[in-house]
Colleague: 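Can you read through this structure? Questions will come right after.
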Amino acid sequence: MRAVLTLYFLSFFHWDENLSTAVYHAFSALCYFTPVIGAIMADSWLGKYKTIIYLSIVYVVGHLIKSVGAIPSLGNQAVHVVLSMVGLFLIALGTGGIKPCVSAFGGDQFEEEHTSERSKFFSIFYLSINAGSLISTFVTPVLRGDVKCFGEDCYALAFGVPAALMVLALVVFIAGSGLYRKTPPQGNVLLEVCKCIGFAIKNRLKNRSREIPKRDHWLDWASEKYSKQLIGEVKMVTRVLFLFIPLPMFWALFDQQGSRWTLQATKMNADFGIYVLQPDQMQFLNPLLILVFIPIFDLGLYPLIDMCKFNFTPIRKMATGMILAGLAFGLAAIIEIKINETDMPRLVPEESLIRVLNLAKNPVQVTIQEKDLFQQPVETFQNPAEYSKLILNGEQQSLRFTLQHQGLTLAFNYTVKEKSVYSLIVFEAEGSLSSRLITDLEAKPENGLAAVRFINGLSQDVNLTIDSRKFIAVQKNYSPSEYSLLERDIYNNGKCITETGEFPLELGLLDFGASYTIVITNISGGAVKTWKSEDIKANNVHMAWQLPQYLLISAGEVMFSITGLAFSYSQSPASMKSVLQAGWLLTVAVGNTFVLIVAEAAPMAQWAEFVLFTVLLFAVCIIFSIMGYFYVSVDPEDLEEKEEKRETSSRGNMIGLVTQKTKL
C-alpha cells in the first residue's frame, strides 16, 4: 500500500511534494512506534494469538476505509482527507501492533530442542516477507496506473486489493487455530526495564548528597527495588541501546525510496522499450536486490574478506552500510541536477517568460516596448528553442507589441503579469495580420504525464476526441484550448469533428513530462494537418539511472540492518531480546520523523536536500565508528556467570564474618 501512497497524496489530494513527503513519513514513523503497543498488549493482556487477530481486524478496517476514501465521487476533498487519515491511522495501529507478535508467535510453535527447524522457519518467514514486498511493489502500481476507474488512476482498487488479501490471510490464520501452541501472557519485559531505569534515575536524583556513597553504575541506584539479575541485564541492554543513538539517520535515508526517490522517478523517462515502468514500480528493485544480495554476501563476499585476514566486525559492516547509503543519496543528488536541466526556469518577482509562435505565411519582426528581445525576424512555423526573459517594472505592466510584416506595421497592447509564461501567437485572419497573447504552463506536468493544448487555425469550430475519453471543443480563428493531461503512450487515436465531417487526428509521440501546443492548420486528403511545438522539454534522464542508487542502498541495507539485528541480539541476554527489538524498531520511527521535520521545516531544492542527507549520514557514520571503536563486545552468558560468581564469593565473605563474630 505504501508503494502508491506518495503519488496518492500528490495526484489525488493535489498536495505539494513537501507535504506529501511529510505525511508519508509521519505514517511510516507511526507504523514503527505502534509495535510497542502491540508488544505490551500481547505480553501483558491478550497473548500473541489474540493480539494478532484483533489488530488484524483493525488493519483490515483501516484498509477498507482507505479504499473508500479514494473513491472520487464520494464527497469533497475534506471527506477524502478525513477518511484517508483515519484509514492510515488504523493501518499503522494494525501493522505496527502485529509486527512484534507474528514472528515471535511462529517461534513459539517449536520446542527448545528444535533449533534447526526454528531457524528454517525464520528463513522462510523472511523470504516470504521479501517475496510479498517484491510482488506488491510491482503489482500495486499497475492496479493504480494501468487500470482506470472513475475516469482517472484507480487508487480505490490499489488500496482495496490489499484489504481483500489481508481478509483472506486472516481467515487462513484463524483456520489453523486448533494447530497452534498458544502461550499465555507472561508480563512485559519492556515495561519492567522502563520502570527499572525510571526508578534508578528517580532514586539517584533523590540521593544527591555528597555524604551518600557513590555506586559503580547509575543503574545500581535501582537495587533497593529490583533484583541484581534484572539490573545486570538492563546494564547490558543500555550498552547496546547507546549504540543505537546514531542509527535513525540511516533509516531517514533508506525510507525515502517510497517518497523522494519515487517523486524523482516521476520526472524521468520510464520507457524501457518492451515495457513502460510506473514511477512507483522502481521500488520493487529493493526487495529483489535484497533476495539476491543476502546469499552473495553470506556465501561470497564475507568469506572472501575473511580469507584476506581482514577483521570485518559487525560495527565495521554497519558503518560500511551507512557509507553505501550516503553514496546512494550522492548519486540521487547528481541525477536530480541533470533532471532539473529540462525544468522551466524558476521565476522571480517582476519577471516573466515569453516566446513567439509565427503561424503566418511569412517571417515577422516582433518588437516589445523598451525591451531588447527578438533581434531577428521570427520564421514561419519556427519552433522556439527557449523562452525569452521579460523584465517588468511591477507586478504587472501594459506593453506595446509591434509587428512588422511585408512592409506593414501593426501594434497591439497586452498586459503582462509577473511570474507568468506567455506565447505570442501571430496569425493571418481575414486577410490581415493579428495576434493573441496566451498563457503557457509554468512547470512540468506531474507524474510523467504529457500536457497538450490545441490552436484551431480553421475557419470553423472543431470538437476533438482524444483517447476516446477526453473531449475538447476549440473555437475557430486561432482560438486556443485549455491544457489536457494525457498518458505518454498516445499516438494516433485522436478524432477531429467539424461541420464537414469526422477526420483522424495524428498527435505523434507525446513524451514524458513534456508540454505541447498543436496547431490545426488545414484539412486535406481526408485528414487533419497539424503542426506541433514543444513548449516544455520532455524528461530526458532515463529511469534506469536510478539503478545504481538502488544497488548501493540495498547493499547498505544488507550490511546495516541484518548485521545490526544479529549483533544487538548477540550482545543481550535471552530475556531482553524483545527490548532490543523494540529499540531497533524505534530507530526506524525516529528516522522517519527526522525526514518529516526536514521536509516541512526546511524546504530546499531537492538536490540540496539529497546532499544534506548525504553529509549528515557521513557525519553520523564517523560518530558511530568512534562509538564502536570504544565498544567492547561481550558474551551475555559470560557476564551472567561472572555476576553469579561475584554474588557467591560475596555470600562466602558474609558467612565468614558471621562465624568470626560468633567465636569472638
Side-chain angles (χ1 to χ4, degrees), residues 1-28 63 66-85 87-88 136-162 256-270 276-283 339 343 441-452 466-467 469-470 482-490 510-515 536 538-539 543 599 606:
M1 189 277 296
R2 276 203 315 175
V4 299
L5 194 57
T6 301
L7 295 186
Y8 175 66
F9 295 147
L10 198 70
S11 304
F12 194 83
F13 289 161
H14 303 291
W15 290 349
D16 62 34
E17 291 188 359
N18 286 333
L19 180 58
S20 300
T21 299
V23 177
Y24 174 89
H25 286 282
F27 169 70
S28 298
H63 268 295
K66 187 83 181 66
S67 184
V68 171
I71 299 174
S73 58
L74 188 72
N76 56 21
Q77 176 147 338
V79 173
H80 295 147
V81 171
V82 169
L83 287 174
S84 295
M85 294 305 109
L88 285 176
S136 63
T137 49
F138 190 86
V139 173
T140 310
V142 172
L143 298 176
R144 171 197 65 80
D146 292 356
V147 179
K148 300 296 178 184
C149 56
F150 309 103
E152 54 188 82
D153 284 357
C154 201
Y155 286 101
L157 181 65
F159 296 139
V161 169
Q256 289 187 58
Q257 293 175 77
S259 57
R260 294 301 197 194
W261 283 17
T262 298
L263 292 174
Q264 184 184 68
T266 64
K267 298 178 282 188
M268 303 177 80
N269 187 330
V276 176
L277 210 62
Q278 299 285 351
D280 36 359
Q281 278 181 310
M282 281 298 286
Q283 298 173 64
I339 288 172
D343 277 353
L441 287 182
E442 299 170 12
K444 273 180 171 290
E446 296 177 347
N447 301 334
L449 297 174
V452 61
I466 309 298
D467 192 29
R469 288 195 303 268
K470 291 189 179 292
E482 297 294 326
Y483 279 101
S484 297
L485 295 178
L486 304 175
E487 296 285 349
R488 187 255 186 186
D489 57 347
I490 296 174
L510 305 178
D511 216 348
F512 295 104
S515 170
I536 300 176
N539 301 342
M543 205 181 284
Q606 191 53 64

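Numbers here are sequence positions counted from 1.
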Colleague: Mind checking what makes side chain to side chain contact (heavy atoms under 4.5 Å, CB included) contact with Asp153, not counting sequence neighbours?
Modeller: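 Only Arg144, Lys148, Tyr155, Glu487 meet the side chain to side chain contact (heavy atoms under 4.5 Å, CB included) criterion with Asp153.
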Colleague: Calculate, to the nearest 0.5 Å, the distance between atoms CG and OG belonging to Leu510 and Ser484 respectively.
Modeller: 11.0 Å
Colleague: At their closest point, which heavy atom of Ser136 faces which heavy atom of Pro141, and how far apart are they?
Modeller: O-CD, 3.8 Å
Colleague: Compare all side-chain heavy atoms of Phe159 with those of Val4 and state whether any distance is below 4.5 angstrom.
Modeller: yes
Colleague: Tell me whether Thr137 contacts the main-chain N or O of Gln281 through its side chain, where contact means a donor paired with an acceptor under 3.5 Å.
Modeller: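 No, the answer is negative, given that no donor and acceptor are paired below the 3.5 Å cut-off.
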Colleague: With distance as the sole criterion, is a donor-acceptor pair present between the side chains of Gln283 and Thr262 under 3.5 Å?
Modeller: yes
Colleague: For Leu441 and Ala451, work out which heavy atoms get closest and say how close.
Modeller: CD1-CB, 3.5 Å
Colleague: So Leu485 and Glu446, side-chain contact (heavy atoms from CB on, under 4.5 Å) or not? Walk me through it.
Modeller: CA-CA 9 Å; Leu485 295 178; Glu446 296 177 347; over 6 Å; no
Colleague: Is any side-chain heavy atom of Leu277 less than 4.5 Å from a side-chain heavy atom of Met268?
Modeller: no
Colleague: Taking the side chain as every heavy atom from C-beta outward, state whether Arg260 and Gln606 have any pair of such atoms under 4.5 Å apart.
Modeller: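 Side chain of Arg260 against side chain of Gln606, heavy atoms only: contact under 4.5 Å found.
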Colleague: Distance from Ser20 atom OG to His25 atom NE2, nearest 0.5 Å?
Modeller: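 That separation rounds to 11.0 Å.
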Colleague: Let me confirm one number: the CG-OG1 distance from Leu5 to Thr140, rounded to the nearest 0.5 Å.
Modeller: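 Spacing of CG (Leu5) from OG1 (Thr140) equals 11.5 Å.
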Colleague: Output the distance between atom CZ (Phe27) and atom OG (Ser84), rounded to the nearest 0.5 Å.
Modeller: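 Interatomic distance, Phe27 CZ to Ser84 OG, rounded to 0.5 Å: 11.5 Å.
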Colleague: Measuring only between side-chain heavy atoms, which start at C-beta, is Asp146 closer than 4.5 Å to Gln278?
Modeller: yes
Colleague: If I take atom CG from residue Leu486 and atom CD1 from residue Ile466, how far apart are they, to the nearest 0.5 angstrom?
Modeller: 6.5 Å
Colleague: Under the 3.5 angstrom rule, does the side chain of Ser515 hit a backbone N or O of Val452 as a donor-acceptor pair?
Modeller: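 Not at all, since once roles are kept as given, no pair shorter than 3.5 Å links the two residues.
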Colleague: Taking all non-hydrogen atoms of both residues into account, name the closest pair between Ala156 and Ser67 and its distance.
Modeller: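 That would be O-OG, 2.7 Å.
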Colleague: What verdict does the side-chain contact (heavy atoms from CB on, under 4.5 Å) test give for Val81 and Phe13, after you've listed the backbone C-alpha separation in whole Å, the side-chain angles of each residue and the deciding distance to 0.1 Å?
Modeller: CA-CA 8 Å; Val81 171; Phe13 289 161; 4.0 Å; yes
Colleague: Residues in side chain to side chain donor-acceptor pair (under 3.5 Å) with Ser28, at least two apart?
Modeller: Arg2
Colleague: Given Met282 and Gln257, is the side-chain contact (heavy atoms from CB on, under 4.5 Å) satisfied, shown in steps?
Modeller: CA-CA 9 Å; Met282 281 298 286; Gln257 293 175 77; over 6 Å; no
Colleague: Taking only residues two or more places apart in sequence, or in another chain, which ones meet Phe12 in a ring-ring contact (aromatic ring centres under 6.0 Å, His included)?
Modeller: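 Once residues adjacent in sequence are excluded, the partners of Phe12 under the ring-ring contact (aromatic ring centres under 6.0 Å, His included) criterion are Tyr8, His80.
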Colleague: In Å and rounded to the nearest 0.5 Å, what is the CG to CG distance from Asp280 to Leu7?
Modeller: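 Going from the CG atom of Asp280 to the CG atom of Leu7 covers 4.5 Å.
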Colleague: For Asn76 and Val79, indicate whether the former's side chain and the latter's backbone hold a donor-acceptor pair under 3.5 Å.
Modeller: yes
Colleague: Run Phe512 and Met543 through side-chain contact (heavy atoms from CB on, under 4.5 Å) and show every step you take.
Modeller: CA-CA 11 Å; Phe512 295 104; Met543 205 181 284; over 6 Å; no
Colleague: Are Glu17 and Leu10 packed together at the side-chain level, in the sense that at least one heavy-atom pair is separated by less than 4.5 angstrom?
Modeller: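 Answer yes - side chains close enough.
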Colleague: Please report the closest heavy-atom contact between Ile536 and Ala443, naming both atoms and the distance.
Modeller: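 Scanning both residues completely, I find the closest heavy atoms to be CD1-O, 3.5 Å.
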Colleague: Looking only at non-hydrogen atoms, find the nearest pair between Pro445 and Ala450 and report the distance.
Modeller: CG-C, 4.4 Å
Colleague: Work out which heavy atom in Pro162 is nearest to a heavy atom in Ala158; give both atom names and the distance.
Modeller: CD-O, 2.9 Å
Colleague: Could you tell me whether the side chain of Thr6 and the main chain of Gly258 form a donor-acceptor pair under 3.5 Å?
Modeller: yes
Colleague: Please determine which of Asn539, Asp343, Thr266 meets the side chain to side chain donor-acceptor pair (under 3.5 Å) test together with Lys444.
Modeller: Asn539
